[in-house]
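Inspection log for the structure reproduced underneath, given as C-alpha cells.
Values below: every heavy atom of this structure, side chains too, minus hydrogens, waters and symmetry copies. Order of the sequence lines fixes the chain letters, A, B, ..., with proteins taken first and strands second; residue numbering starts at 1 for each chain.
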There are 2 protein chains.
Amino acid sequence: MLTCGAMVEPVRTSARGRPVATSHAAIEQAAFTLFTERGFASTTLDDIARATGVGRRTLFRYFESKNDIPWGRFDLTLAGFRELLAGQPRDLPLHEAVHRAVVAFNRFPGDARPSHRDRMRLILTTPELEAHSVLRYADWRAVIAEYVAERTGTAPGDLRPQLVAHVSLALAMTAYEAWLSDADAELEDLLDRSMAALRDHLGAASS
Amino acid sequence: MLTCGAMVEPVRTSARGRPVATSHAAIEQAAFTLFTERGFASTTLDDIARATGVGRRTLFRYFESKNDIPWGRFDLTLAGFRELLAGQPRDLPLHEAVHRAVVAFNRFPGDARPSHRDRMRLILTTPELEAHSVLRYADWRAVIAEYVAERTGTAPGDLRPQLVAHVSLALAMTAYEAWLSDADAELEDLLDRSMAALRDHLGAASS
DNA sequence: ACACTAATGGCACTCGTGGTCAAAAAGGAA
DNA sequence: TTCCTTTTTGACCACGAGTGCCATTAGTGT
C-alpha cells in the first residue's frame with residue numbers, strides 16, 4: 001500500500017532565507033514513537049511539536065493534518081507506482097499487469113518489513129486514520145484508473161478503469177488485513193491468494 | 001448502499017419523564033437543507049441546532065458526530081440487509097446470492113430515488129464525509145462477511161469472507177459513483193454492469 | 001554592515017466534541 | 001392540588017485540531 005516515503009526531502013531551490021528547522025522524516029519518527037507509547041488520540045500536536053523541538057504551528061507546514069503524519073510522503077511513492085505500472089509488458093493481460101504492479105509496489109526490503117508493518121497496523125487499527133486513509137486510497141486508485149484507461153482506450157472516469165481500481169484496492173486491503181492478523185505470512189503471498197480467491201469465488205477459469 | 005432510515009423512531013418505553021424535543025428525522029432534514037444551501041463544512045452545529053430549535057448539546061444525543069447526520073439511522077437498515085441475504089435461495093451460487101442481495105438492498109421506490117441520490121451525492125462528494133463513511137461501510141461489509149462465513153463454513157475473519165465483503169463494496173462504490181455522474185442511469189443496471197465488467201476483466205466464463 | 005529572502009513560531013480565533021449538572025416537563029401517588 | 005419520580009434538555013466549561021496573521025529569526029548575497 002505504501003512505500004516508506006523514501007525519506008528524501010525535496011531539495012531547496014535556493015540556499016537563501018532561514019534554514020528549515022526539521023523535516024518530514026523527523027516529525028514522522030517523533031510522532032510515531034509517541035503514537036505507539038500513548039496511542040494516536042491521546043497524543044496532541046503540542047506533544048509532537050515539543051518532541052520534535054519545533055513550534056506547533058510549524059507542523060502544519062509539513063503535514064496538512066495530524067491524520068496525514070502516519071502516511072508520510074505517500075504522494076512521492078505514487079510516482080513510483082505509476083512507473084511500475086508503465087513498466088509492465090504490454091502483452092500481459094490487463095488484470096495480470098495490474099496485479100503484478102500492485103505486488104511489486106508492496107514488495108519491501110526485508111529490513112524495512114517490521115516498520116512498515118507497524119505503520120500499517122497503526123493506520124488500519126485506528127478508526128480516525130482508517131477513515132482518513134480513504135483520501136490516500138483515492139489517489140492510489142487514480143493511478144490504476146489512469147493506467148487501465150490508457151490500455152483500454154477509455155477515460156479514467158469510465159466504468160472499467162474505476163472498477164479495476166476499486167477492486168484492486170479491495171484485494172490489497174484484504175491482503176493487508178490478513179497480513180496484520182497473521183504474524184508469519186508474506187504480504188506477497190496474501191496478495192496472490194486474495195486474487196486467487198476472487199477468481200475462485202466468481203467461478204473463473206484458471207486464467 | 002443505504003435505505004432511507006425508515007424514519008421510525010425507537011418507541012419510548014414509558015411515557016414518563018420530559019418528552020423529547022426533536023427526532024433524528026427532524027434534525028436530519030433541517031441539517032440537509034443547510035448542507036445543500038451553504039455546504040457541509042460551512043454549516044456549524046450551532047446553525048443546525050438553531051434550525052431544529054434545540055440546544056447544540058442535544059444534537060450529540062441524537063447523532064454521535066456531525067459526520068453521522070447524513071447517514072441517518074443506517075444501523076437500522078443493516079438489519080434489513082441481513083435478512084435479504086438470509087432470504088436468498090441456498091442453491092444459488094454464493095457470488096450470485098450476494099450480488100442479488102446487494103442489488104435488492106439498493107432498490108428504492110421510485111419516489112424515494114431523488115432524495116436518496118441527493119444524500120449519496122453529498123456523502124460521496126464531501127471529503128470529510130467520504131472519509132467518515134468507511135466506518136459505515138465496515139459495518140456493511142461485516143454483514144456480508146458473516147453471511148459468506150456461514151455459507152462456506154469458515155470464520156468471518158477468514159480470507160474468503162473478507163475478500164467477498166471488500167469486493168462487494170468495491171462493486172457497489174463503482175456503481176454508485178457512475179450513478180451520480182450519469183443523470184439517467186439505473187443503479188440496478190450499474191450494479192449488474194459492474195459485476196459483468198469484473199468477470200470480463202478477469203477473463204471469467206459467462207457464469 | 002545592509003538588504004533580501006524564506007522559514008519559524010507565537011497569538012487569537014473558530015469549531016467539533018465530551019463531561020457535568022441544574023433545570024424543565026411530563027406522569028403518578030398521596 | 002401538591003409532591004415525588006423519571007427522563008430529557010440545555011447551559012457552562014474545557015480541550016484539541018486547524019487556520020489566518022504577522023513579527024521574528026537566521027541564513028545568503030552585495
Side-chain angles (χ1 to χ4, degrees), chain A residues 9-28 30-31 34-35 37-71 122 126-133 135, chain B residues 9-28 30-32 34-35 37-71 122-123 126-133 135:
Chain A
E9 283 302 315
V11 278
R12 293 227 345 200
T13 43
S14 83
R16 318 237 339 207
R18 178 173 177 166
V20 298
T22 184
S23 67
H24 285 91
I27 294 174
E28 206 181 318
L34 292 173
F35 290 158
E37 279 174 7
R38 307 176 217 175
F40 182 79
S42 5
T43 303
T44 70
L45 287 175
D46 276 302
D47 295 334
I48 301 173
R50 214 172 306 119
T52 320
V54 88
R56 190 178 70 104
R57 191 63 183 78
T58 299
L59 294 183
F60 287 102
R61 296 214 176 79
Y62 285 80
F63 294 96
E64 283 190 11
S65 71
K66 181 184 179 184
N67 288 336
D68 278 309
I69 297 179
W71 277 98
L122 178 67
T126 309
E128 308 94 292
L129 293 179
E130 205 185 337
H132 180 76
S133 299
L135 306 179
Chain B
E9 285 301 315
V11 279
R12 295 230 341 204
T13 42
S14 83
R16 315 246 328 221
R18 180 173 174 164
V20 298
T22 183
S23 66
H24 284 92
I27 293 174
E28 206 181 319
F32 200 86
L34 292 173
F35 290 159
E37 279 173 8
R38 306 177 218 176
F40 182 79
S42 5
T43 302
T44 70
L45 286 174
D46 275 303
D47 294 334
I48 302 173
R50 213 172 307 119
T52 321
V54 296
R56 192 174 63 104
R57 192 63 184 77
T58 300
L59 294 184
F60 286 101
R61 296 208 177 83
Y62 285 81
F63 293 96
E64 283 190 11
S65 71
K66 182 184 177 183
N67 288 335
D68 279 310
I69 298 179
W71 278 96
L122 177 67
I123 290 176
T126 308
E128 306 95 292
L129 293 179
E130 205 185 336
H132 180 75
S133 299
L135 307 178

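Comparing the end axes of the helix from C/dA1-D/dT30 to C/dA30-D/dT1, each fitted to five base pairs by superposing C1' atoms of four pairs onto the next four, gives an inter-axis angle of 20° (nearest 10 degrees).
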(request) Report, as a single string ordered 5' to 3', how protein heavy atoms within less than 4.0 Å touch nucleotides 16-21 of chain D: B base, S sugar-phosphate only, - not at all. (result) SSBBBB

(message) Counting primed atoms plus P, OP1 and OP2 as sugar-phosphate and everything else as base, spell out the protein contacts along nucleotides 24-30 of chain D at 4.0 Å heavy-atom distance: B, S or - for each nucleotide, 5' to 3'.
(response) BBBBSS-

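Heavy-atom minimum distance, A/P127 versus B/L135: O-CD2, 4.1 Å. The two residues A/A51 and A/L34 make their nearest non-hydrogen contact at CB-CD1, 3.9 Å. A/P70 approaches A/F35 most closely through the heavy-atom pair CG-CE1, 4.0 Å. For the pair B/L59 and B/A49, the tightest heavy-atom approach, listed with the atom from each and the gap, is CD1-N, 3.9 Å. Listed here is the closest heavy atom pair of B/S65 and B/F60: CA-CE2, 4.4 Å. Taking each heavy atom of B/T43 and B/G39 in turn, the nearest pair found is OG1-O, 2.8 Å.
Distance B/I27 CD1 to D/dT9 C1': 12 Å, rounded to the nearest Å. B/I69 has its CD1 atom 14 Å from the C1' atom of C/dC15, to the nearest Å. Atom P of nucleotide D/dA11 and atom CG of B/L59 are separated by 12 Å, given to the nearest angstrom. If you measure from atom CZ of B/R38 to atom P of C/dC15, you get 11 Å, rounded to the nearest angstrom.
Using a 4.0 Å cut-off, no side-chain N or O of A/Y62 falls inside it from OP1 or OP2 of C/dG9.
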(message) Between B/V54 and B/Y62, does the side-chain contact (heavy atoms from CB on, under 4.5 Å) criterion hold? Intermediate values first, please.
(response) CA-CA 11 Å; B/V54 296; B/Y62 285 81; over 6 Å; no

(request) With side-chain contact (heavy atoms from CB on, under 4.5 Å) as the test, would you mind laying out the steps for B/D68 and B/H132 before giving the verdict? (result) CA-CA 8 Å; B/D68 279 310; B/H132 180 75; 2.9 Å; yes

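Ring geometry, B/F63 versus B/H24: the interplanar angle exceeds 60°, so the pair is classed perpendicular (tilted spans 30 to 60°).
A heavy-atom distance below 4.5 Å is found between the side chains of A/I48 and A/I69. Here the side chains of A/N67 and A/F40 are in contact, with some heavy-atom distance below 4.5 Å.
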